[in-house]
Amino acid sequence: MTKPHFAKKQKKLSKDADAVETRLHQLKEVERPKELPPINMQVVEQESLQHRTVIRGWDVEGRAGDKRLWEAFDFSISGGDKVALIGPNGSGKTTFLRMILNDRDRIQAAPAVSFGYFSQMLEILEEEKSILDNVRDTSFQDETIIRTVLGRLGFFQEDVFKRVKDLSGGERVKTGFAKLFVSGANVLILDEPTNYLDIRALEALESLLGDYCGTVLFVSHDRRFLEKTATRIFAIHDKRITVFDGSYQEYLRA
Ligand SMILES: Nc1ncnc2c1ncn2[C@@H]1O[C@H](COP(=O)(O)OP(=O)(O)OP(=O)(O)O)[C@@H](O)[C@H]1O
Ligand SMILES: [Mg+2]
């Protein structure tokens, strides 16, 4: 067999493989449950923040003790942005999120901003209380929306009365997320909200954030979640943070 012929055959094979892939993809789309109706989520001060600058940072440098994590950079985040913060372990992602919450010298937040912070420690949850009580205690939404959100996350009927101390890792993450999601907070700061989640829970999170009109700054190592959720990327590498305006797919291509 001559080389060009072989190459041609290879090309054909890979084209066929692509076609099969596309078919599979289409099949999956068809088999998926019907699109869920959007949840009509309100956040506090929504109108005054949409598409305006909600957070602005000048000369923001990352430090941990005497170690420099990233060199000074400027940034701004607008109402409705879904910003993914990516970077290797130990590069300073959690540090950056904490600075957004606490550093009022170099980072300014619009007066109408109310933050909701999801940390990996999930310290917002009260162990002795039920899922429903944890979520309801700080809710800005009515009971119907709370139950709808919990249902999307896979908590039905008496599930919601389980106490947090009895929950699995994934159930805790989902409870913490639900609590913030209905809290009325208009800027969600989420540190690895996808940890421990299975594919169904991931899809639920994606769809809920799709319905959320507020601003989200999140850290995730889950490629699919990044692809579905992010509209902008802040990437930490080589001790710098670069800002990319576009989806994760576009970022990878660029
Ligand atoms: N108070 C502190 N004193 C000294 N070093 C610290 C302190 N807090 C964090 N660090 C260090 O700063 C670096 C960045 O930590 P950070 O938690 O922000 O990383 P990360 O990107 O969130 O990592 P991961 O993906 O593992 O969550 C790490 O090397 C960490 O050990
Ligand atoms: Mg971290």
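Counting starts at 1 for both ligands and their atoms, in listed order. Everything numeric in this text was worked out from a predicted model, so none of it was measured.
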One finds that the ligand 1 atoms under 4.0 Å from a non-hydrogen atom of Lys93 are 18 (O), 19 (O), 20 (P), 21 (O), 22 (O), 23 (O), 24 (P), 25 (O)
If you measure every N/O of Gly90 against every N/O of ligand 1, is any gap under 3.5 Å?
-> yes
SB check Glu127 Arg163 (cutoff 4.0 Å) | no
Quick one: nearest non-hydrogen protein atom to atom 3 (N) of ligand 1, plus distance?
-> Gly65 N, 4.3 Å
Give a yes or no on whether Tyr196 atom OH has more than 12 heavy-atom contacts from other residues, nucleotides or ligands under 6.0 Å away.
-> no
For Ser76 and Thr53, does a side-chain donor sit closer than 3.5 Å to a side-chain acceptor?
-> no
Residues Phe244, Phe234; criterion ring pair (Phe, Tyr, Trp, His ring centres under 6.0 Å); working and verdict = CA-CA 6 Å; Phe244 179 83; Phe234 284 22; over 10 Å; no
Taking the non-hydrogen atoms of His221, is any one of them nearer than 4.0 angstrom to ligand 1?
-> yes
Listing by chain and number, what protein N/O/S atoms are under 2.8 Å from the Mg ion (ligand 2)?
-> Thr94 OG1
Any Lys/Arg nitrogen of Lys93 or Glu192 sitting under 4.0 Å from an Asp/Glu carboxylate oxygen of the other?
-> no
Nearest neighbour of atom 24 (P) of ligand 1 from the list Thr94, Thr95, Asn89, on a heavy-atom basis | Asn89
Should Glu203 and Arg152 count as an ion pair when the cut-off is N to O under 4.0 Å?
-> no
Centroid-centroid under 6.0 Å between Tyr212 and Phe181 rings = yes
Pairing residues for Glu143 by the side-chain contact (heavy atoms from CB on, under 4.5 Å) criterion, not counting sequence neighbours = Leu132, Arg136, Arg147
Give a yes or no on whether the backbone of Glu47 and the side-chain of Gln50 come within a donor-acceptor separation of less than 3.5 Å.
-> no
Identify, by atom number and element, the atoms of ligand 1 in contact range of Ala64, meaning under 4.0 Å from any of its heavy atoms.
-> 5 (N), 6 (C), 10 (N), 11 (C), 12 (O)
According to the interplanar angle, ranging from 0 to 90°, do the rings of Phe73 and Trp70 count as parallel (below 30°), tilted (30 to 60°) or perpendicular (above 60°)?
-> perpendicular
For Lys67, the ligand 1 atoms whose distance to one of its heavy atoms is below 4.0 Å = 29 (O)
shortest atom 27 (O) of ligand 1-to-protein heavy-atom contact is with Glu192 OE2, 3.6 Å
Could you tell me whether Leu69 approaches ligand 1 through its side chain, its backbone, both or neither, with non-hydrogen atoms closer than 4.0 Å?
-> side chain
